[in-house]
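The block underneath contains the structure these notes are about, expressed in structure tokens.
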Number of protein chains: 2
Amino acid sequence: MYHSSNLQFQSREIGFSARPGETLFVQGDPCAKILRLRTGVARAVDYSLNGFRQVMAFFFPGDVLGFPLAAEQRYSVEAVSELSFTVHSPMGWATKPSCAGNQELQALDAIWREEKAFIARGLMLGRAGSMTRIGAFLAYAIRHLPAEDDIYDFPLPQSDIASYLATSPETVCRMFRQLREMEVIAIPRKDRLQVLDRHKLGRIAEGLWQ
Amino acid sequence: MYHSSNLQFQSREIGFSARPGETLFVQGDPCAKILRLRTGVARAVDYSLNGFRQVMAFFFPGDVLGFPLAAEQRYSVEAVSELSFTVHSPMGWATKPSCAGNQELQALDAIWREEKAFIARGLMLGRAGSMTRIGAFLAYAIRHLPAEDDIYDFPLPQSDIASYLATSPETVCRMFRQLREMEVIAIPRKDRLQVLDRHKLGRIAEGLWQ
DNA sequence: CGACTATTTGAAGGGACTCAAGGCGTGTGG
DNA sequence: CCACACGCCTTGAGTCCCTTCAAATAGTCG
């Protein structure tokens, strides 16, 4: 579980929640509020002009969304699972890289976590082979998901994973089955993921399996 | 080769240059200097542990590299073409989203431009089909490259484009040939790219051609 | 229960990769 | 100045992985 009680922000924290599928930001909206995810998973989605939809990133507990780098939201944000988050004002989120002030570091760290999420996708998409991409994605996801005894909360629909990895839902399903048959993972229950062989998963993510 | 020895960390601008292939940053280096590209093209490269190399982004004139979001450089930066750039110190690059101060906006804009570069790649890799990706890449690149009369300086080797787009150099070559036969582009000379049909290029980038 | 969505599985076809060889351009050294 | 080497681009042929299409099953929510 993730506890943000030790993180202090200057403005008052307000607790919010959202149901799966709910939209938090819409691409193009003015940047007016900053969200810090406490529990649950959210996705950044790009809707291109010709109706094509693309999952650009997943956000996990601790991530900060909506930092006003630009004047407008650069992507839509939708809840994947049940969310709880806090809302902050952009005011006072000053960042000064040279100073080690607490607040400044928080803002830089928030921006960096967001950018990391996009870079991570790029690195996965750069790898060849569906199995490699799926393996890399699982290794990435479980580093950010809460777990009990190697059993992770895994609320990500395969269709979102497929969009994120630029592949088809059928391929995602087939790779999951293969991973189950290889006894690398198990699905004890819906929205749960058990990692049976962390080491082999790492090798798959690097493209060296079989 | 590597420059850090002769770089001075001052708040004033110093002009520098680099030859094609030169390395400006190495992944993992401490973030000590900020570069602003004046002319030329640079690439951000990721070297993974198993020796796999991946071009993660291209940087164009006006972009800022090496902003210390994290303690260490997040990628290596290499010159693609002849570069000229200025070096800045991280000191004084304070950012405060709520204030409209000049320097503050510069830093936020610099971060945003960098992040945009990574996001752009993700959006391209998410598209299906080599032709769509190449088209989207060309449309993206020429928005950042200097030109005279629709003839752009295009110093990007096809091997870099292939790595960037997660495809093979052969495929890049074939798509270029097809674009030439379709009279969308022309290559009047090495390192030059002429756009003959901007509109058709846009349609190709959206996945609707033929 | 029944409608809906998400997942699963199979079959077939095509697009991109790999492998291999040849051409082109550039820089270097004899 | 020429010959050569090297890297990059080009082109062809064959193979395979992944997509598409189609249909069945499972899970969810009213």
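Quick note: numbers below take in every heavy atom, side chains included, and nothing from hydrogens, waters or symmetry partners. Not measured: the values here are computed from a predicted model. Throughout, protein chains are lettered first and strands after them, A, B, ... in sequence-line order, and every chain is numbered starting at 1.
Mapped onto DNA chain D by nearest heavy atom, Q158(B) and G129(A) fall at different nucleotides, with Q158(B) at the one closer to the 5' end. Between A128(A) and F176(A), the residue anchored nearer the 5' end of DNA chain C, judged by the nucleotide with its closest heavy atom, is F176(A).
Summarising the geometry, the separation between CD1 on I161(A) and P on dC18(D) is reported as 16 Å, rounded to the nearest angstrom. Spacing between atom CZ of R177(B) and atom P of dG23(C) amounts to 16 Å, rounded to whole angstrom units. Atom CZ of R133(B) and atom C1' of dC17(C) are 12 Å apart (whole Å). In this structure, R189(B) atom CZ and dC9(D) atom P are separated by 16 Å, rounded to whole Å. At whole-Å resolution of the value, CG in L125(B) and C1' in dC18(D) are 17 Å apart. We find that CD of Q178(A) is positioned 16 Å from C1' of dG10(C), with the value rounded to whole Å. One can place CZ of R19(A) at 14 Å from P of dT28(D), the figure rounded to the nearest angstrom. One can place CD of E170(A) at 17 Å from P of dG13(C), the figure rounded to the nearest angstrom.
The side chain of T167(A) places an N or O atom within less than 4.0 Å of a non-bridging phosphate oxygen (OP1 or OP2) of dT19(D). Taking only side-chain nitrogens and oxygens, R180(B) comes nearer than 4.0 Å to OP1 or OP2 of dT10(D). Within the 4.0 Å cut-off from OP1 or OP2 of dA16(C), not a single side-chain nitrogen or oxygen of S168(B) is found.
Under 4.0 Å is where a charged nitrogen must lie from a carboxylate oxygen, and between R74(B) and E115(A) at least one such pair does. Using a 4.0 Å cut-off between charged side-chain N and carboxylate O, E170(B) and R174(B) make no salt bridge. Using a 4.0 Å cut-off between charged side-chain N and carboxylate O, R53(B) and E78(B) make a salt bridge.
Distances were taken from every side-chain heavy atom of K190(A) (C-beta onward) to each of dT19(D), dT28(D), dA16(C); the shortest belongs to dT28(D).
Cation-pi contact between R121(B) and Y164(B): present, with separation from the ring centre below 6.0 Å and deviation from the ring axis of at most 45°.
Counting non-hydrogen atoms under 4.0 angstrom, S130(B) reaches the backbone sugars and phosphates but no base.
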Inset, instruction - List the steps and the verdict of side-chain hydrogen bond (donor to acceptor under 3.5 Å, both in side chains) for S17(A) and S84(A). - result: CA-CA 4 Å; S17(A) 62; S84(A) 73; over 6 Å; no
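The base of dG15(C) is not paired with the side chain of R174(B) by any donor and acceptor separated by under 3.5 Å.
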